[in-house]
Amino acid sequence: MPAETDSAARQFATRVIDWFGVHARDLPWRRPGFPPWGTLVSEFMLQQTPVVRVIPRLDEWLTRWPTPADLAAAPAGDAVRAWQSLGYPRRALNLHACAVAITDRFDGAVPNDVPALLSLPGVGDYTARAVAVFAFGSRHPVVDTNVRRVIARAVEAQPDAAAPNARHDLPAMAALLPADDDDAARFNAGMMELGALVCTARSPTCERCPLAEVCAWRQAGYPATDVARRPTQKRYEGSDRQARGAILAVLRASDGAVPTHVLAEAVPDAAQFGRALAGLLKDGLVTATADDLFALP
DNA sequence: TAGCCGTGGGC
DNA sequence: TGCCCAAGGCT
């Protein structure tokens, strides 16, 4: 790598790290001594769910199941119920399966290397790297939606990130990563924080940004280039997703098994109810306990 | 790989 | 109001 590029990358990282040192939010998983298991749980909860909604659930979760073995010993349905309304409840199922795998295959200790983490259910490229870096201090690029947006703007002069692409995103972040492990971890966290607080999706506050003076997008005059917009999600109201959520809400609120006709009251359209319940059974989020009786697993 | 998978809050 | 967005992962 050319010396001037290396120097620019170092200055870029220093700006982010210094800003992070002053503006980092006081979040539970940043407390000194926060356990790796807590980091893993928090990362699961943070997959597509905002920080403010995660914090109270995380606290409850870790009080109830302070170690992977504690969660592994509980029925999966308890995890789904404790997940409450965080959304995407299959994450609760995956987290429970994670706890079982950690207990069985890793002697109850959250693994510290990326390949082992990737072998766990529900742990993908982002989560594996985030745990390796934030729980264990390893040096890896961590790329989430915030990081991708900051790089797209500050480095690539684009108004927003393109579709996720590990072959592009990871090298792009790696090129900016400081050599020192601790600096690299702070840079990873700082880039995520910058994207979450300043370089936001809708209305970035560039006047508060530590990268404003070196931002390629700003220097180019904020061009509105034709970045492929993320595919618009299908309408939620009236969707099968909403129907699944309604069925699961009934089961979460019930102590025991629930008969079909009670579940069906949550979804007016009969065909849609059938699809939603079948999907939940297939995903393992619901089990049939007897003819016409259903419960959490 | 594009589509699917919840839920709630902001504008 | 309706749409967009949120520390992704799986198939």
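All chains are named by letter (A, B, ...) in the order of the sequence lines, taking the proteins before the strands, and each is independently numbered beginning at 1. Note: hydrogens, waters and symmetry copies are ignored here, and every other heavy atom, side chains too, is used.
At the heavy-atom level, A/R275 lies nowhere under 4.0 Å from the strands shown. Heavy atoms of A/T49 sit under 4.0 angstrom from at least one base atom. Across all strands shown, A/T200 has no heavy atoms under 4.0 Å from either base or sugar-phosphate atoms. In this structure, A/R25 reaches the bases: a heavy-atom distance under 4.0 Å links it to at least one base atom across the strands shown. Counting non-hydrogen atoms under 4.0 angstrom, A/D125 reaches the backbone sugars and phosphates but no base. In this structure, A/G124 reaches the sugar-phosphate backbone alone: every heavy-atom distance under 4.0 Å involves primed, P, OP1 or OP2 atoms, never a base. Contacts of A/L118 with the nucleic acid, taken as non-hydrogen atoms under 4.0 Å apart, are absent. Residue-level contact check: A/P89 touches the backbone only, with heavy atoms under 4.0 Å from sugar-phosphate atoms and none from bases. At a threshold of 4.0 angstrom between heavy atoms, the contacts of A/F44 with the nucleic acid are absent. Contact annotation for A/W29: base contact, defined as any heavy-atom pair under 4.0 Å involving a base atom. Among the heavy atoms of the strands lying under 4.0 Å from A/R244 are primed sugar atoms or P, OP1, OP2 only; no base atom is included. Here A/L86 lies in heavy-atom contact (under 4.0 Å) with a base.
Following rounding to the nearest Å, A/H140 (NE2) and C/dA7 (C1') show an atom-to-atom distance of 17 Å. As rounded to whole Å, 13 Å separates atom C1' of C/dA7 from atom CG of A/L40. Rounded to whole Å, the distance from NE2 on A/H168 to P on B/dT1 is 15 Å. The distance from atom CD1 of A/I247 to atom C1' of B/dT7 is 16 Å, rounded to the nearest whole Å. Atoms NZ (A/K282) and P (C/dC10) sit 14 Å apart, rounded to a whole Å. Between the CG atom of A/D169 and the P atom of C/dG9 there is a distance of 13 Å, rounded to whole Å. Taking atom CG of A/L285 as the reference point, atom C1' of B/dC4 lies 14 Å away to the nearest angstrom. When rounded to the nearest whole Å, the span between CZ of A/R241 and C1' of B/dG3 equals 10 Å.
Annotation: A/F134 is not in aromatic contact with A/W29 [ring centroid separation under 6.0 Å not met]. Taking the centre of each ring, A/W37 and A/W65 stay at or above the 6.0 Å mark.
Among the nucleotides B/dG6, C/dA6, B/dC11, the one closest to any side-chain atom of A/A201 is C/dA6. If you check C/dC3, C/dA7, C/dA6 against the side chain of A/Q233, the one that comes closest is C/dA6. Comparing B/dG8, C/dA7, B/dC5 against the side chain of A/D240 picks out B/dC5 as the nearest. Here the nucleotide nearest the side chain of A/Y88, chosen from C/dG9, B/dC5, C/dA7, is B/dC5. Distances from the side chain of A/R53 to the nucleotides C/dA7, B/dT7, B/dG6 place B/dT7 closest. Closest to the A/S85 side chain, of the nucleotides B/dG8, B/dC5, C/dG8, is B/dG8.
Toward the 5′ end of DNA chain C lies the nearest nucleotide of A/R202, the other residue of the pair A/R202 and A/V51 mapping further downstream. Nearer the 5' end of DNA chain C, as judged by each residue's closest nucleotide, is the contact made by A/P50, out of A/G122 and A/P50.
The side chain to side chain donor-acceptor pair (under 3.5 Å) search around A/D269 returns none, not counting sequence neighbours.
Around the CZ atom of A/R30, the shell of radius 6.0 Å holds more than 12 heavy atoms that belong to other residues, nucleotides or ligands.
Taking atom P in both B/dG8 and C/dG9, one finds a spacing of 23 Å when rounded to whole Å. Nucleotides C/dA7 and B/dG3 have their P atoms positioned 23 Å apart, rounded to a whole Å. Separating the P atom of B/dC5 from that of B/dG9 is a span of 23 Å, rounded to the nearest Å.
Look at A/K234 and you won't find any side-chain N or O under 4.0 angstrom from OP1 or OP2 of B/dG3. Using a 4.0 Å cut-off, no side-chain N or O of A/T145 falls inside it from OP1 or OP2 of C/dC5. Between A/R91 and the phosphate of C/dA6, there is no side-chain N or O to OP1/OP2 separation shorter than 4.0 Å. Dashed line: the shortest gap from a side-chain N or O of A/Y126 to OP1 or OP2 of C/dG9 is not under 4.0 Å. A/Q48 has no side-chain polar atom (N or O) that falls below the 4.0 Å cut-off from OP1 or OP2 of C/dA6.
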Residues A/R139, A/D181; criterion salt bridge (Lys or Arg N to Asp or Glu O under 4.0 Å); working and verdict: CA-CA 5 Å; A/R139 183 180 179 279; A/D181 288 2; 5.1 Å; no
Under the criterion salt bridge (Lys or Arg N to Asp or Glu O under 4.0 Å), I'd like the reasoning laid out for A/D70 against A/R64: C-alpha separation, chi angles, the key distance, then a yes or no. CA-CA 8 Å; A/D70 293 321; A/R64 182 170 180 183; over 6 Å; no
Quick one, A/R91 with A/E43, criterion salt bridge (Lys or Arg N to Asp or Glu O under 4.0 Å). Give me CA distance, side-chain angles, the key distance, then yes/no. CA-CA 10 Å; A/R91 290 180 294 165; A/E43 292 299 347; over 6 Å; no
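A continuous path of ILVMFWY side-chain contacts below 4.5 Å connects A/V54 to A/V131, so both sit in one hydrophobic cluster.
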